[in-house]
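Quick notes on the structure that follows.
Chain naming here is simple, since letters A, B, ... match the order of the sequence lines and numbering starts at 1 in each.
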2 protein chains.
Amino acid sequence: MGKRQNIRIKDIAKMAGVSVGTVDRVIHERGNVSEEAEQKVKAVLKKTNYSPNPIAQSLGKKKEYQISVLLPHPEQDEYWNLSKEGVLEAKREWESYHMHITLDTFNLDKPESFSKVSAEVMESKPDAILTAPIFYKESLSFYQTLKQAAIPYILVNTEIDSQLNKLDPLCIIGQDHHQSGRVAAELTHIAQHEPGQLAVMHIHENIERSIHLKEKEQGFRSYFNELGNTEFEVLTYSFLDGSESFESQISQCIAANDFKGIFVPTSSGTYLTAKALEKHQKQQQTQLIGYDLLEQNIHYLKKGTINFLINQDPYHQALQGIRYLVNHLLLHLKVPSSDLLPLEIITRQNHTSFLNGQH
Amino acid sequence: MGKRQNIRIKDIAKMAGVSVGTVDRVIHERGNVSEEAEQKVKAVLKKTNYSPNPIAQSLGKKKEYQISVLLPHPEQDEYWNLSKEGVLEAKREWESYHMHITLDTFNLDKPESFSKVSAEVMESKPDAILTAPIFYKESLSFYQTLKQAAIPYILVNTEIDSQLNKLDPLCIIGQDHHQSGRVAAELTHIAQHEPGQLAVMHIHENIERSIHLKEKEQGFRSYFNELGNTEFEVLTYSFLDGSESFESQISQCIAANDFKGIFVPTSSGTYLTAKALEKHQKQQQTQLIGYDLLEQNIHYLKKGTINFLINQDPYHQALQGIRYLVNHLLLHLKVPSSDLLPLEIITRQNHTSFLNGQH
DNA sequence: TTTTTTTGTGTGTGCGCACACATATCATTT
DNA sequence: AAATGATATGTGTGCGCACACACAAAAAAA
């Protein structure tokens with residue numbers, strides 16, 4: 001091994017027969033470099049596989065970076081509160097590295113709220129952005145703006161999507177929703193030994209997100225289809241927040257049917273369904289699978305009303321997203337174009353191990 | 001918010017009415033500071049809640065750190081090969097930060113091999129050590145030495161243990177084995193609907209590790225005991241590598257019984273059992289739960305012979321352990337005295353999501 | 001008291017890079 | 001031919017800290 005002395009700009013300069021200033025100009029594309037010198041430096045750079053010492057880089061740098069995070073109001077849905085915690089952690093992590101991380105939030109139910117806040121965010125001339133595509137149309141137009149302004153952005157809570165890819169985000173962080181539905185189906189199947197009806201319940205305030213929910217449903221169905229299965233009938237229900245509250249709609253549906261299992265693709269829908277099951281005392285006969293370690297979900301998981309949760313780990317999504325942005329801005333490291341997080345299965349027996357600290 | 005100008009040593013010096021040299025001496029306890037000056041500086045330090053800029057700290061430092069990793073031969077057991085990968089990743093991560101990370105390996109079956117290699121490691125005067133307690137007696141004596149030499153060390157693959165704690169390791173990384181057994185029991189229980197026999201199979205080369213295996217077994221049993229369950233009979237088998245090979249011992253046992261489910265607390269024992277189940281064509285009637293994402297385990301998981309794996313994530317354990325050591329040595333950050341990793345449940349449908357990159 | 005030793009304190013340099021600034025070279029214009 | 005501008009290149013300083021060194025003050029020994 002020995003002393004693997006890292007190559008410095010000084011060394012590059014010597015090898016290329018120019019000064020450090022010229023090397024610096026080539027590296028940062030500041031211009032005013034002769035064609036000849038540029039070629040020489042670039043050749044040496046490539047040959048030595050040079051990468052700047054990020055430590056010194058950060059030390060010497062004057063620039064202050066502004067990273068704006070744009071997510072739904074944390075108090076509207078606990079899911080987004082977990083994201084917020086991830087943002088705060090990232091903020092602490094990068095505080096002393098010239099990184100200013102600010103969180104702006106919008107109303108999950110109002111597209112115009114998103115438009116308003118996103119415009120405000122642009123005002124502050126951010127160097128990078130972390131956000132989640134909630135309102136499809138408004139989001140696309142926002143990303144278009146970002147692309148034109150050449151502001152790198154990362155999306156969390158996202159499925160890979162050709163429309164989005166055209167607006168080249170720096171990275172897309174999320175889970176494979178289709179596969180996620182398959183995991184739910186698998187878990188349902190494992191516990192079921194008698195034929196019967198299974199329900200997929202879409203419970204969501206926001207019609208725009210229904211694409212993701214449909215993906216999960218399709219994954220769920222595809223699993224049973226592949227089994228060539230006729231024992232289980234999969235029924236789909238959609239509940240929207242309208243004249244009648246979620247609670248009463250779910251309650252009626254559960255009262256009227258005897259499902260063997262229910263799959264709820266939304267995190268907040270999960271505990272609402274658990275509540276309804278208990279109300280009709282069907283928590284024993286009906287298996288419930290939902291999403292995420294929300295406080296209320298954990299409550300029902302402990303009691304056994306919820307059998308499995310799939311963890312989408314919003315905390316980690318936000319934290320990781322910001323880390324990628326810093327890698328990009330500060331260290332010029334390569335960031336993957338997508339990062340699919342593991343599909344973590346949470347049960348009564350293992351949920352605490354996911355809560356001790358954030359791994 | 002505004003420009004949160006960080007406090008520098010220079011500022012501390014000015015506030016305390018001394019020079020930066022004196023502040024430095026107080027911070028690093030280099031001595032030769034008058035009682036009076038020391039008190040003044042310490043007061044300011046406390047008042048300002050000063051923490052050094054880790055970037056500049058690392059830049060200015062001359063010292064080269066040596067971190068020695070001491071683990072079983074990676075080719076002896078794929079589990080330890082995964083650990084090795086984590087070490088290599090950590091090595092890459094810290095290469096340019098004055099951190100020299102070296103891996104030394106010993107024979108999993110030979111205590112004297114551990115003693116020999118651990119002595120060699122000490123020769124190289126490491127600044128910190130990462131290792132795993134395999135041979136109880138030899139390990140304790142090694143840790144005793146480390147404690148006396150005041151060399152910080154971190155243990156992976158470890159259960160919290162009062163004996164170990166007396167030899168105060170910097171951190172213990174592992175899983176809650178008891179709870180891990182409970183998760184296995186829970187998963188078994190979910191899929192079982194008819195009474196029958198369940199087997200816990202201890203398959204291990206190394207008698208010393210049996211304490212951990214016992215913990216898992218006890219967790220497994222405690223779950224069923226709490227159910228007040230009489231439907232399931234839990235039987236324990238222990239196989240040691242002796243005159244007869246593992247394969248034939250397992251094979252005989254499986255041929256002679258009709259288990260509803262088998263729980264194998266060792267990672268390499270898992271695929272051996274899967275192999276035996278297939279040999280006797282009992283993979284349908286017998287549920288199998290084991291440990292870790294070994295290549296062979298994944299193979300049988302895909303086929304459905306293995307139903308669940310619990311991931312102990314040796315890769316992450318090693319990587320995280322080294323990160324902690326660096327935090328300790330370089331940044332003087334606080335390291336938790338123990339870190340229990342989540343009990344990840346792996347199934348046929350979600351295993352790929354754990355393999356795309358290392359999260 | 002003077003000399004030596006011990007103890008306390010301040011200054012200066014370098015880590016590898018970014019960036020402002022000074023300087024050199026060459027092509028245009030007057 | 002001199003003056004001006006445009007382009008190219010080199011030099012120097014600072015980021016915040018660690019650490020070596022020079023030096024001053026106090027204490028101990030002569």
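- Look at CD on A:E38: it is 15 Å from P on D:dT7, rounded to the nearest Å.
- Nearest-nucleotide positions on DNA chain C place B:A37 closer to the 5' end than the other of A:K10 and B:A37.
- Partners of A:A149 under the side chain to side chain contact (heavy atoms under 4.5 Å, CB included) rule, at least two apart in sequence or in another chain, are A:M122, A:I151.
- B:E75 places none of its side-chain heavy atoms less than 4.5 Å from the side chain of B:N81.
- Side-chain atoms of A:R8 lie closest to C:dC17 of the nucleotides D:dG16, C:dC17, D:dT9.
- With rounding to whole Å, A:I7 atom CD1 is found 13 Å from C:dG16 atom C1'.
- Residue B:T105 comes nearest to B:V117 through the heavy atom pair O-CG2, 3.6 Å, listed as atom of the first residue, atom of the second, then distance.
- Under 4.0 angstrom from either OP1 or OP2 of C:dG8 there lies no side-chain N or O belonging to B:T22.
- The separation between A:E64 atom CD and D:dC15 atom C1' is 12 Å, rounded to whole Å.
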Practice item. Encode nucleotides 18-27 of chain D as B, S and - characters from 5' to 3', where the letter depends on protein heavy atoms closer than 4.0 Å: B to the base, S only to sugar-phosphate, - to neither. Key: SB--------

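- Contact check, A:S34 against D:dT7: no side-chain N or O comes under 4.0 Å of OP1 or OP2.
- With rounding to whole Å, A:K14 atom NZ is found 14 Å from D:dG10 atom P.
- Under the 6.0 Å cut-off for aromatic ring centres, A:F142 and A:F114 qualify, their centroids lying closer than that.
- For B:N32, taking side-chain heavy atoms from C-beta onward, the closest of the listed nucleotides C:dG10, C:dC17, C:dT7 is C:dT7.
- Spacing between atom NZ of B:K40 and atom P of C:dG8 amounts to 14 Å, rounded to whole angstrom units.
- Counted by atom type alone, A:D339 and A:Y324 present one or more donor-acceptor pairs between their side chains at under 3.5 Å.
- With no hydrogens or angles considered, no side-chain donor-acceptor pair links B:S83 and B:E85 at under 3.5 Å.
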